[in-house]
Amino acid sequence: MSSRRSRSRQSGSSRITDEQISDLVSKLQDLLPEARLRGNDRVPSSRVLQETCSYIKSLHREVDDLSERLSELLATSDMSTAQAAIIRSLLM
């Protein structure tokens, strides 16, 4: 039995329609900063998925950079200051 046939039997009524995929891709596109600049222009789903992956990677890099900056800040600051207390409260 092919894996495709096997998957379709397992999924049963939970199959996603082309319309649902289109709707999800559209919602995903709305979340991308670059997509907001384009307006309502039709973009291929593959392009939306590529842009989404790139955006997620950039967000990961930004989180890493901010984490590193925060670590440096905490290492150089006096942990008894009000500023350190605010930083700790934000991290909890």
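Just so it is clear, the structure is predicted and the values come from calculations on it, not from any experiment.
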Is there a donor-acceptor contact under 3.5 Å from the side chain of Ser54 to the main chain of Gln50? yes
Pairwise distance CD(Gln29) to CD(Glu51) - rounded to 0.5 angstrom: 7.5 Å
Counting only heavy atoms not in Asp64 (residues, nucleotides, ligands), do more than 12 fall under 6.0 Å from its CG? yes
Roughly how far, to the nearest 0.5 Å, is OG of Ser58 from NE2 of His60? 9.5 Å
To the closest 0.5 Å, what do you measure between CD1 (Ile21) and OG (Ser26)? 13.5 Å
Say whether Tyr55 and Leu66 are linked into one hydrophobic cluster, either directly or through other cluster members, by side-chain heavy-atom distances under 4.5 angstrom. no
Is there a chain of hydrophobic side chains (I, L, V, M, F, W, Y, each step under 4.5 Å between heavy atoms) that links Leu32 to Ile56? no
For Arg15 and Gln20 the tightest heavy-atom approach is O-OE1, 4.0 Å
Taking NZ, NE, NH1 and NH2 as the nitrogens, is one of them in Arg61 or Asp65 under 4.0 Å from a carboxylate oxygen of the other? no
Check: Val43 and Val25 side chains under 4.5 Å, non-hydrogen atoms: no
One should read off an interatomic distance between Arg69 CZ and Glu62 CD, to the nearest 0.5 angstrom, of 9.5 Å
Report, as yes or no, whether the 6.0 Å neighbourhood of atom CD on Glu19 holds more than 12 heavy atoms from other residues, nucleotides or ligands. no
